[in-house]
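Here is how names work: the chains are called A, B, and so on, in the same order as the sequence lines, proteins then strands, and each is numbered from 1.
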There are 2 protein chains.
Amino acid sequence: MNSPGDVLDLISRGDAGTRAELARITGLARSTIAQRVEALIAHGLVEERETGASTGGRPPRVLRLNTDRNHVVGVDLGATHCRVALMDIGGALLADREDPLLITEGPEPVMRHIEERMRELLAEAGRPLETVKAVGIGVPGPVEFATGRPVNPPIMPGWHEYPVPAHFAGRYDFDVLVDNDVNTLALGELRHGRTAAENLLFVKVGTGIGCGIIAGGRLHRGAQGAAGDIGHIRVPGAGDAPCRCGNTGCLEAVAGGGALAARLTEAGVPAADGRAVAALAAAGEPLAVRLVREAGRGIGDVLAGLVNFFNPEAIVVGGALAAVHEPLLAGVREVIYRRSLPLATNRLTVAPSGAGEKGGALGAGRLAIDHVLAPEQIDRALAGRAAGPASAAR
Amino acid sequence: MNSPGDVLDLISRGDAGTRAELARITGLARSTIAQRVEALIAHGLVEERETGASTGGRPPRVLRLNTDRNHVVGVDLGATHCRVALMDIGGALLADREDPLLITEGPEPVMRHIEERMRELLAEAGRPLETVKAVGIGVPGPVEFATGRPVNPPIMPGWHEYPVPAHFAGRYDFDVLVDNDVNTLALGELRHGRTAAENLLFVKVGTGIGCGIIAGGRLHRGAQGAAGDIGHIRVPGAGDAPCRCGNTGCLEAVAGGGALAARLTEAGVPAADGRAVAALAAAGEPLAVRLVREAGRGIGDVLAGLVNFFNPEAIVVGGALAAVHEPLLAGVREVIYRRSLPLATNRLTVAPSGAGEKGGALGAGRLAIDHVLAPEQIDRALAGRAAGPASAAR
DNA sequence: CCCCTTTCGTCGAAAATCGACGAAAGTCGC
DNA sequence: GCGACTTTCGTCGATTTTCGACGAAAGGGG
């Protein structure tokens with residue numbers, strides 16, 4: 001329970017910033033703490049930069065993660081874009097870049113693009129390659145997390161069972177983590193946004209609709225990594241709108257960006273996709289605003305049920321359609337507070353994503369950080385045993 | 001990671017039955033294991049009863065939980081009954097009794113009843129009171145688990161905020177855990193039934209409809225302990241049946257035992273409650289069978305959405321209405337496999353509860369067992385520090 | 001400027017853990 | 001039936017980890 005890894009954990013979470021605090025919290029002797037800290041410093045994981053303010057006695061030496069020698073890369077892959085972010089181990093964003101990129105081009109070109117961007121960002125920030133300890137990648141589809149293979153992703157043809165980490169294996173010395181983008185978004189919100197909740201739902205409303213689930217402070221991926229696929233839940237109020245999945249009345253067919261764009265186009269206001277709908281709504285186009293608000297109601301209808309079931313303390317809404325918070329969230333809140341049980345809603349907050357456009361990449365980076373700083377991982381590193389090769393993880 | 005408590009954990013889970021196995025699994029030296037086992041035996045937690053079969057060398061001495069000196073009590077409180085079960089720490093049922101008891105009589109009489117039955121069962125089984133290490137109680141309503149207080153339970157007037165553990169505090173030396181009965185049922189299924197799943201939903205179909213959630217092997221209680229209240233989720237297909245909660249189209253109004261009984265009575269077949277409906281269906285009354293199957297479809301409609309969202313590997317159905325598996329489960333399966341995504345259903349099992357009538361009490365006992373055997377709890381006991389007083393827990 | 005407080009490093013003492021050894025208790029082959 | 005081999009288990013000294021006391025460092029306050 002109080003291994004060296006746990007000591008680092010306390011430092012990284014900001015629970016303890018000095019040796020004395022660590023000793024107080026863990027209950028270990030100060031000399032033991034001193035020895036552990038020494039080891040962490042020797043391994044380049046922790047540094048003493050400044051000395052803190054005195055509280056009446058000798059001022060403490062402040063410990064912090066060594067952000068100069070430990071970095072991660074977070075990648076947010078969308079249907080039509082790719083954002084690569086370089087972060088230090090403390091979670092600070094050092095550099096990032098977004099490019100248009102069609103995920104339909106298949107894994108190999110995309111992976112090469114990521115690799116190239118990663119090297120560019122490192123050069124730009126003046127950090128050596130060896131300081132990258134892990135890479136996190138969020139992809140728009142279900143993933144078998146343990147092996148980093150997408151499984152039958154609907155909008156990623158050619159990626160089925162492609163072993164993403166294998167692309168880096170052997171040639172690099174970092175681990176590669178791959179996850180569904182809604183999960184990285186949820187992580188990003190949990191650790192970079194304003195919402196600190198043990199039980200959190202991140203709802204991404206784009207062309208499709210998905211949901212990242214934090215249960216008891218940990219990501220819930222479900223039995224096959226398929227959890228959170230709420231786009232094809234039937235909406236109670238809605239009619240029989242046909243969905244591409246073959247069923248009717250799915251949330252995606254009612255409130256997805258594609259469905260809204262089609263309806264808008266049909267009504268004489270051309271819109272290509274969810275992003276365009278959001279732009280029109282933001283510009284004040286009345287029909288677009290009305291459709292977005294109605295979409296919010298549809299989403300709220302489904303979420304109302306999930307609130308009863310899951311009882312989260314926070315729901316965060318993001319994705320292309322959430323670029324216009326007001327009408328969407330208004331619709332969502334309206335239905336949730338009407339349909340869900342009081343006990344489940346009296347402390348529930350429904351808010352827009354606080355991490356913004358970069359949330360996906362930041363969350364993917366956070367996935368990598370959490371992997372690197374996991375106590376077991378640290379204990380292994382300090383024990384001298386080299387971590388596994390640059391492949392899958394956990 | 002390898003404290004004495006973890007050693008006991010391996011023994012209690014059946015992962016290791018001998019000192020040599022413990023050493024192999026933990027990686028600790030045999031002498032260290034021997035010392036830990038000695039401490040556990042000295043504290044009466046473990047015993048050596050028999051000596052195992054040789055595998056070619058000296059036969060091992062088999063370690064097991066000391067079931068003679070460690071017991072728990074599990075209590076299943078329903079609207080109209082109370083079952084008290086005496087179990088040993090290994091989970092074996094020693095004696096139990098069910099009595100009719102109206103929970104509406106209020107906390108004090110009910111608690112006195114439990115206390116009395118507990119003493120009777122102990123006398124019957126010839127076990128001294130001091131061997132009871134914890135008591136688990138499942139109640140039909142939401143509970144703030146940390147304090148053991150029901151919060152606004154709809155069918156338990158007078159129980160709001162009543163501190164259940166306080167009834168025993170001071171007079172006994174065990175901890176008291178209180179939880180929603182769907183949670184104890186889920187635990188019972190997980191540990192006593194046939195279903196070993198990390199992600200499990202236990203759906204209880206009685207007068208109301210509730211759901212116990214196991215996420216990643218642990219109970220998910222949600223932000224306010226209100227998780228799993230699926231009875232008031234709106235059913236997609238259903239109409240506007242009014243519900244006692246004030247909304248319309250709730251699952252409970254469509255498929256709850258009360259609603260079915262009312263509809264059956266209306267049609268000229270008098271039935272008092274869900275139990276009566278089940279009895280009629282079991283006897284072959286055609287209308288009852290049809291209604292139960294339709295209720296199954298309604299439940300399936302809601303579960304189909306939850307399967308997409310939560311991606312469990314198993315759904316277990318119990319409760320009064322589930323006494324007739326076939327029509328109910330047929331309806332549930334029919335809709336789930338039609339409406340949920342293939343990835344989420346291809347390994348999903350939908351089964352009746354394997355624990356039977358006593359599942360609730362057994363699960364409550366298991367809640368108590370898990371509390372007693374939690375590694376931190378064991379480490380504390382072995383370190384000499386007395387556990388907290390006979391009150392709340394965790 | 002002296003006393004008090006808090007932090008931190010050092011070092012011997014105490015405790016936990018390990019590893020080697022030998023005895024116990026069985027199987028297997030001749 | 002007997003000896004060689006295997007596996008388990010207890011013991012005990014050696015090693016490693018952890019603790020606790022001591023004193024020095026570094027600042028605040030009167």
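- We find that CD1 of A:I33 is positioned 12 Å from P of C:dG9, with the value rounded to whole Å.
- Residue A:T32 has its side chain nearest to D:dT18 when only D:dT18, C:dT17, D:dG10 are considered.
- Atom CD of A:E21 and atom C1' of C:dT7 are 12 Å apart (whole Å).
- Not a single donor-acceptor pair under 3.5 Å links the side chain of A:E124 to the backbone N or O of A:A95.
- Between B:D379 and B:S3, the side chains place a donor N or O and an acceptor N or O closer than 3.5 Å (distance only, hydrogens not considered).
- With sequence neighbours left out, the salt bridge (charged side-chain N to carboxylate O under 4.0 Å, His left out) criterion links B:E130 to no other residue.
- Put simply, the side chain of A:L10 reaches to within 4.5 Å of the side chain of A:T26, judged on heavy atoms.
- Note on B:S54: every side-chain N or O is 4.0 Å or more away from OP1 and OP2 of D:dT7.
- Side-chain polar atoms of A:N66 and A:N70 form no donor-acceptor pair below 3.5 angstrom.
- In this structure, CD1 of A:I41 is placed 11 Å from P of C:dC8, rounded to the nearest angstrom.
- For the pair A:L28 CG and C:dA14 P, the computed distance is 20 Å after rounding to whole Å.
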For nucleotides 11-14 of chain D, tabulate all protein N/O to nucleotide N/O atom pairs closer than 3.5 Å, reporting atom names and distance.
none

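- Checking the phosphate oxygens (OP1, OP2) of C:dA16, no side-chain nitrogen or oxygen of B:R36 falls inside 4.0 Å.
- Regarding contacts with the backbone of D:dT7, every side-chain N or O of B:R24 stays at 4.0 angstrom or more from both OP1 and OP2.
- Remark: P of D:dC9 and CD of B:Q35 are 16 Å apart, rounded to the nearest angstrom.
- For the pair A:I25 CD1 and C:dT7 C1', the computed distance is 16 Å after rounding to whole Å.
- Here the closest heavy-atom approach between residue B:T67 and residue B:E47 is recorded as N-OE2, 4.0 Å.
- Residues from residues 55-65 of chain B placing a heavy atom under 4.0 Å of any atom in DNA chain C, listed by number, are B:G56, B:G57, B:R58, B:P59.
- Under 3.5 Å, the side chains of B:T32 and B:Q35 contain no donor-acceptor pair of N or O atoms.
- Here the closest heavy-atom approach between residue B:V72 and residue B:G365 is recorded as CG2-O, 3.7 Å.
- For B:A16 against B:L22, the heavy-atom pair with the smallest separation is CB-CD2, 3.5 Å.
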